[in-house]
K.L.:
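Structure below; questions to follow.
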Amino acid sequence: MHVFDDLTAISKQAKNRSILGLFSDANRVHDFSLSAADFFLDYSKQNITEEEFTFLMNMAENAGLEEKIKAMFSGERINNTENRGVLHTLLRAPNAEKYRVLGEKATEVIETERHMQSIVAGVHSGQLLSASSKKYTDVLAIGIGGSYYGIKVGLSALKPFQVNNFNVHIVANVDGDALVEKLNLLDAETTLVVVISKTFTTQETLLNASAVKEWMLKSSSAKQAIAQQWFAVSSNVEKATAFGIGKNNILPMWDWVGGRFSLWSAVGLPLALAIGNENFQCLKQGAYEVDVHFQTAPFDKNMPVIMAMIGIWNRNGLQYPSLAILPYAHSLRALPGYLQQTDMESNGKSVSINGEKLPWLTAPIVFGQEGTNSQHAFMQLMHQSDDIIPTDFIIALNGSSGYTEHHKVLVANCFAQSEALMQGKSLAQVERELEQSGLSSAEVAKLAPHKTMKGNTPSNTLVLQSLTPKAFGALLALYEHKVFVQGVIWQLNSFDQWGVELGKELGQKILQSMSHSQHENLSASTKLLINKFLAGSA
Ligand code: F6P
């Protein structure tokens with residue numbers, strides 16, 4: 001017997017229970033909501049009672065969560081398959097805390113932060129000029145995965161905070177079309193390039209960087225363009241130097257910062273160039289405040305813990321396979337993609353931290369899109385298919401556009417969707433409505449089943465005052481910790497990502513076999529496809 005058996009047993013009573021029925025308790029909204037850091041979280045539309053919530057809090061306690069949180073924040077090597085600590089939180093902590101945990105090594109971290117700030121200040125003031133002595137107008141960042149998603153979501157989320165229309169672009173995919181789209185916008189003599197790769201071995205990033213280098217050497221008259229205008233963020237200084245980037249332009253990364261948690265390091269340089277040092281500091285401050293909340297609040301008042309344990313309830317108790325992230329904010333349109341990596345690359349695993357097969361389900365399939373667009377696409381399935389998809393709605397009370405009527409409509413739609421997903425519409429209700437509209441009983445019978453909605457879909461609504469850099473930083477930290485807690489409960493290592501390796505290996509192998517036409521150890525299907533490519537490509 002393990003604790004997940006108890007969870008299965010206790011969750012049985014919830015399977016056919018009406019969430020709406022739980023609201024007969026007049027205190028429910030009060031008891032199942034919480035304010036913390038920059039947020040208000042309403043989780044009263046979850047299919048959960050007080051007793052079940054207490055069970056989940058005990059489950060967290062018994063999993064040793066408190067010690068595990070301490071272990072992470074104090075730098076213990078909790079990433080056991082790579083023998084690394086997990087200390088991205090330190091990057092947003094006060095310097096005294098950095099020294100307390102890292103000792104003298106903190107100096108390099110603090111100097112890197114200062115270096116990054118001086119680059120940003122220099123570029124914005126015009127003191128730092130391009131190799132052709134021109135003021136920079138654009139930044140092109142090149143990176144993928146954790147060296148991309150955080151910057152991408154930050155650039156769109158914080159667009160209203162962009163400094164002086166200074167343009168920051170980012171390219172990730174190894175697709176010439178993606179690159180050409182960006183290069184067409186740029187002037188090589190006024191573009192600063194930042195290559196972000198922790199390993200400096202990632203195929204996509206290196207190929208894109210080489211192509212941009214060639215473009216710059218062709219398009220710029222300045223001989224020193226690469227040494228002067230290029231920056232790298234990497235833990236592989238040797239490889240970055242060999243690429244041609246000046247030693248002083250390489251900002252270090254440390255093995256205790258995982259790619260998907262690295263926005264707080266110099267990986268955030270392109271975002272800091274877009275929004276300025278002060279705003280970038282606010283972003284870190286927001287995350288730091290969530291770190292403090294996470295470490296100090298009792299579990300039943302701890303937002304990341306509550307969100308995590310509700311996720312466990314939905315995934316392992318009620319066995320729902322997915323999680324929809326629906327920000328009702330155009331500026332957060334890249335958040336579902338970002339959270340897919342945070343969640344699925346961290347917890348999409350099926351062996352325990354000790355390498356044993358886990359007998360329970362782990363990370364849900366995370367997907368989403370900005371509202372209201374999602375309503376006109378996949379939400380049909382959420383309302384009427386047999387799959388129940390728990391959802392996180394995210395909304396800011398104030399928009400930044402000045403279009404207040406738009407914002408009111410946006411908010412109304414957000415609230416309407418969580419209500420509709422929970423309420424649904426029964427057959428009897430639809431029949432009544434159709435009868436009242438004057439349809440014949442034959443017409444009512446024909447149409448009614450098509451118009452019923454299953455309802456009983458649980459959701460959280462996360463409310464922000466407005467989407468400031470601080471609130472945005474807090475939002476990312478909230479989900480980081482939620483994912484960490486779930487990894488603890490599932491007893492897996494959230495900080496490695498061995499699952500991406502086979503694809504990389506085979507990618508190299510297939511690339512090589514394309515030039516010498518020998519396709520060993522590949523299936524007939526893949527051989528056929530390679531031959532098709534070789535015969536069909538120019
Ligand atoms: O997707 C796998 C991965 O290793 C991520 O964890 C990482 O963020 C990304 O590739 C990019 O790696 P790098 O920063 O070394 O180029």
Side-chain angles (χ1 to χ4, degrees), residues 78-88 91 112 116 140-155 170-175 178-179 193-213 230-243 245 249-271 334-349 363 365-366 476 479-480 483-484 487 492-508 511:
I78 60 170
N79 175 358
N80 67 329
T81 60
E82 296 177 311
N83 193 26
R84 291 173 184 171
V86 175
L87 279 171
H88 52 276
L91 297 164
T112 303
M116 183 174 154
L140 177 63
I142 305 168
I144 199 162
S147 299
Y148 163 73
Y149 280 113
I151 303 164
K152 183 179 158 72
V153 64
L155 288 175
I170 182 154
V171 66
N173 197 4
V174 63
D175 183 331
L179 191 59
V193 180
V194 190
V195 186
I196 304 158
S197 178
K198 188 171 166 185
T199 55
F200 223 86
T201 57
T202 305
Q203 185 191 42
E204 294 96 322
T205 302
L206 291 190
L207 193 58
N208 277 333
S210 299
V212 175
K213 185 177 180 182
W230 283 53
F231 289 80
V233 182
S234 183
S235 55
N236 195 340
V237 177
E238 209 178 301
K239 280 230 151 70
T241 316
F243 184 87
I245 296 172
N249 284 4
I250 301 171
L251 290 92
M253 283 179 83
W254 304 276
D255 69 358
W256 41 266
V257 182
R260 54 191 172 275
F261 305 97
S262 63
L263 182 67
W264 325 98
S265 70
V267 168
L269 176 61
L271 180 59
L335 187 70
Y338 172 85
L339 291 180
Q340 273 177 335
Q341 195 204 19
T342 313
D343 204 320
M344 294 162 86
E345 197 169 71
S346 298
N347 289 341
K349 294 160 192 172
I365 297 160
V366 177
L476 300 192
Y479 276 97
E480 281 180 356
V483 164
F484 167 76
L492 50 78
N493 179 359
S494 300
F495 300 103
D496 59 13
Q497 56 284 317
W498 298 107
V500 302
E501 294 303 321
L502 179 61
K504 287 184 191 172
E505 244 172 66
L506 286 178
Q508 287 294 355
L511 186 64

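Order of listing sets the numbers, starting from 1, for every ligand and every atom in it. What you see is a predicted model, and the numbers here were worked out from it, not measured in a lab. This chain uses plain numbering: 1 for the first residue, then up along the sequence.
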K.L.:
Looking at ligand 1, does Glu345 have a heavy atom less than 4.0 Å from it?
P.N.:
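Yes.
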K.L.:
For atom 9 (C) of ligand 1, what is the nearest protein heavy atom, given as residue, atom name and distance?
P.N.:
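That would be Ile144 O, 3.7 Å.
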K.L.:
Could you tell me whether the side chain of Gln497 reaches within less than 4.5 Å of the side chain of Val500, counting heavy atoms only?
P.N.:
yes
K.L.:
Of Glu480, Glu345, Gln341, which meets side chain to side chain donor-acceptor pair (under 3.5 Å) against Arg260?
P.N.:
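Answer after filtering Glu480, Glu345, Gln341: Glu345.
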K.L.:
Looking only at non-hydrogen atoms, which of Arg260, Lys504, Lys198 approaches atom 3 (C) of ligand 1 most closely?
P.N.:
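Heavy atom nearest to atom 3 (C) of ligand 1 belongs to Lys504.
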K.L.:
Under 4.0 Å, heavy atoms only, figure out whether ligand 1 is touched by the backbone of Val500, its side chain, both or neither.
P.N.:
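It is the side chain that gets close, since no backbone atom is under 4.0 Å.
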K.L.:
Distance under 4.0 Å to a non-hydrogen atom of Gly259: what atoms of ligand 1 satisfy this?
P.N.:
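Listed by number with element, the hits are 8 (O).
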K.L.:
Give me the nearest non-hydrogen protein atom to atom 15 (O) of ligand 1 as residue plus atom name, then the distance to 0.1 Å.
P.N.:
Thr199 OG1, 2.6 Å
K.L.:
If the cut-off is 4.0 Å to any non-hydrogen atom of Gln497, which atoms of ligand 1 fall inside it?
P.N.:
6 (O)
K.L.:
Give the minimum heavy-atom separation between Ile245 and Trp230, together with the two atoms involved.
P.N.:
CG2-O, 3.6 Å
K.L.:
Kindly say whether the aromatic ring centers of Tyr338 and Tyr479 come within a distance under 6.0 Å.
P.N.:
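Aromatic pair excluded; centres sit 6.0 Å or further apart.
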K.L.:
Under the 3.5 angstrom rule, does the side chain of Asn236 hit a backbone N or O of Thr199 as a donor-acceptor pair?
P.N.:
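Side chain of Asn236 to backbone of Thr199, a donor-acceptor pair under 3.5 Å: yes, one is there.
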K.L.:
Of all heavy-atom pairs between Ala232 and Ala240, which one has the smallest distance, and what is that distance?
P.N.:
CB-CB, 4.1 Å
K.L.:
How close does the nearest protein non-hydrogen atom get to atom 8 (O) of ligand 1, and which residue and atom is it?
P.N.:
Gly146 N, 2.7 Å
K.L.:
Identify the closest protein heavy atom to atom 12 (O) of ligand 1: which residue and atom is it, and at what distance?
P.N.:
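Sorting protein heavy atoms by distance from atom 12 (O) of ligand 1 puts Thr202 OG1, 3.4 Å first.
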K.L.:
Can you confirm whether Leu140 sits close enough to Val194 that some side-chain heavy atom of one is under 4.5 Å from a side-chain heavy atom of the other?
P.N.:
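They are not in contact (no side-chain heavy atoms under 4.5 Å apart), so the answer is no.
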